[in-house]
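Order of appearance sets the numbers: ligands from 1, and atoms from 1 within every ligand.
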Amino acid sequence: MISTKHAGLNAWVEKMALMCQPDDIVLIDGSDEQRDELRKQACSTDEIIELDQEKLPGCYYHRTAVNDVARTENLTFICTSLKDNAGPTNNWMSPEEGYRRAGEIFAGSMKGRTMYVIPFAMGPVGSPFTKYGVELSDSIYVVLNMLIMTRVGDPVLEQLDVAGEFTKCLHGKAERDIENRLILHFPEDNTIWSVGSGYGGNVLLGKKCLALRIASHQAHKERWLAEHMLILGIEEPNGRIDYIAAAFPSACGKTNLAMLIPPEGLKVKGYKIWTVGDDIAWMRVDTDGCLWAINPEAGFFGVAPGTNSRTNPSAVETVKSDTIFTNVLLNPDGTVWWEDGDGEPAAEGATDWQGRPWKPGMKDENGKAITGAHPNSRFTAPFVNCPSHSYRMEHHHGVKISAIVFGGRRAHLAPLVYQSFDWVHGVFVGATMASERTAAQFGKQGEVRRDPMAMLPFCGYNMADYFEHWLRMGVQMRWQPKIFHVNWFRQDEEGNFLWPGFGENLRVLEWILARCRNDCEALKTAIGFVPKPEDIDMTGLDMPNGAMEKLFDIDPKAWEEEANGIEEFFGKFGDRLPVALKAELEALRMRLHELGGAKQ
Ligand code: OXD
Ligand code: MN
């Protein structure tokens with residue numbers, strides 16, 4: 001048993017241990033010595049593999065089970081007493097059933113194993129933004145990841161003192177069997193139970209489970225926002241820094257945008273980009289009436305494939321030390337590789353994410369390329385490794401947000417960028433976001449789904465109430481950030497991307513900030529304000545003839561269809577949907593009728 005000064009914590013650990021029956025219980029103190037010991041132990045059982053410590057100091061490799069490589073949304077539940085409080089977009093189970101069903105899987109599942117007790121903070125310890133959790137887990141991989149992703153150990157216990165509030169997080173690998181896997185959230189009890197998985201998004205309970213699902217429920221009650229957003233700062237040579245929070249569905253390049261490098265053509269302007277967060281933003285209205293944000297995490301859990309020196313040089317730097325690589329290709333010399341990464345994989349002797357011998361060019365029986373790394377393979381890396389990491393990360397009051405950006409992956413509909421008319425219209429723009437399904441989610445890839453504020457899989461309560469909460473937050477602010485929508489993924493008729501993306505996205509962010517400062521006018525369209533062509537700085541960027549026109553084309557017919565799709569989606573929420581959003585839909589239809597695709 002453990003004996004911290006927090007009697008409630010001790011008693012809960014004891015109760016969970018009685019159910020799971022571990023051989024041992026070990027309290028994680030956050031020290032390097034304990035971490036090093038755990039690394040050694042995990043290497044001795046092959047739970048992790050030590051990589052070449054000269055080339056990749058402090059780096060390790062891990063493979064998950066083959067059927068356990070992404071978040072399993074179909075096995076993720078919100079367990080509230082009333083089904084309606086989980087809403088139509090969440091899977092629901094009653095708390096009684098949740099505890100019973102997961103309890104049966106947990107029962108005795110840690111026999112022969114150690115239960116680690118991981119006290120952690122989401123946010124700087126002591127900040128008014130910060131929430132605390134304790135994760136119990138039978139996986140050293142989880143402990144090592146939590147040590148990177150969150151602030152762990154003694155300072156957290158000090159802060160909790162004798163009776164501090166914390167989220168009770170229980171994780172067990174059990175048999176890592178998909179038939180016996182459940183990711184359960186009990187917002188009314190501030191509790192998370194995850195069993196039967198070893199994949200990060202399902203088991204690093206501080207991340208999606210606490211910092212989004214449980215936190216969004218708390219934020220609703222306590223009047224703040226827990227969002228699936230990156231935060232980045234843009235500093236001008238005069239020292240002014242503006243911060244942007246941006247929501248994109250999983251695997252739409254949030255990490256790349258958060259670590260953006262200014263493109264050649266804009267280098268003379270002398271911008272410096274500061275990365276505050278790449279996945280989660282917690283935002284509160286301060287006494288100045290502005291919206292302030294922190295990133296509650298302390299590390300990156302990024303998608304490896306596609307990360308290279310061109311797409312994200314900062315991420316390439318970030319993962320050079322103290323990083324855990326999961327499900328990438330393992331080279332025989334103790335280095336790693338992934339598709340669309342830097343360099344070449346070993347010609348001989350490499351093993352793929354499933355541990356099978358692998359060579360470049362291998363095909364399966366249907367002639368389809370076998371990838372060395374899983375498309376959702378990951379790196380877990382400390383935030384401070386990132387060359388552009390913001391020193392304000394540890395500031396207890398966070399950073400002031402000037403603009404909120406929503407984005408989706410729309411091949412044809414949405415223009416490169418547009419601005420909402422006001423806060424309420426901005427909430428409508430966020431609430432109606434849609435994107436294509438990606439490898440980070442279990443299910444059919446490529447399918448378009450509506451993903452309001454990129455929170456569909458992460459909102460821990462009824463989304464209709466979440467929309468109402470966003471509307472109410474606008475009223476609470478004296479200075480509302482301006483709200484925008486971007487689409488980096490628009491294609492031409494042949495399916496080629498029209499916009500180069502990556503560092504070039506700064507050109508769009510420049511316009512966004514100019515609008516926030518009232519530095520330029522814009523054109524009014526049926527869907528929002530779009531830039532005057534001369535207001536996007538294209539210095540040094542050659543675009544094919546007509547590409548910019550296509551990027552800003554607004555097809556009224558397609559938007560009318562979109563309005564029908566939105567109406568259908570809104571229909572799910574019945575009377576609980578805020579009337580202001582219904583009114584916005586009607587206003588959109590009216591404007592489409594009056595203005596069509598015109599720009600005024
Ligand atoms: C993530 C996700 O891992 O959104 O960040 O799936
Ligand atoms: Mn995410």
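In terms of polar-atom proximity, K207 is not counted as a contact of ligand 1, lacking any N or O under 3.5 Å from an N or O of the ligand. At under 3.5 Å, not a single nitrogen or oxygen of Y199, backbone or side chain, sits near a nitrogen or oxygen of ligand 1.
In this structure, R39 forms no cation-pi arrangement with Y60, as its terminal cationic atom is not both closer than 6.0 Å to the ring centre and no more than 45° off the ring axis.
Side chains of N90 and Y461: no donor on one and acceptor on the other come within 3.5 Å. A donor and an acceptor atom, one from each side chain of T311 and N256, are nowhere located under 3.5 Å apart. In summary, the side chains of W470 and E227 do present a donor paired with an acceptor at a separation below 3.5 Å, with no hydrogens or angles considered.
Within the sub-2.8 Å shell of the Mn ion (ligand 2), the protein contributes these N/O/S atoms: K208 NZ, H228 NE2, D279 OD1.
Ligand 1 has R378 within reach: a non-hydrogen atom of the residue lies less than 4.0 Å from it.
Every atom of ligand 1 with a heavy atom of D279 under 4.0 Å away is listed here by number and element: 5 (O). The contact set between ligand 1 and S250, taken as ligand atoms under 4.0 Å from a residue heavy atom, comprises 2 (C), 4 (O), 6 (O).
Residues A414 and N487 approach most closely at O-ND2, 2.9 Å, considering heavy atoms.
Identified under the salt bridge (Lys or Arg N to Asp or Glu O under 4.0 Å) test for residues 251-263, with sequence neighbours left out: K254-D279.
Of all the heavy atoms of H228, the ones lying under 4.0 Å from any atom of ligand 1 belong exclusively to the side chain.
In this structure, P457 and R71 have side chains that are in contact, with non-hydrogen atoms separated by less than 4.5 Å.
Between Y141 and H62, a ring centre-to-centre spacing shorter than 6.0 Å is recorded. With ring centers used as reference points, H396 lies 6.0 Å or more from F129.
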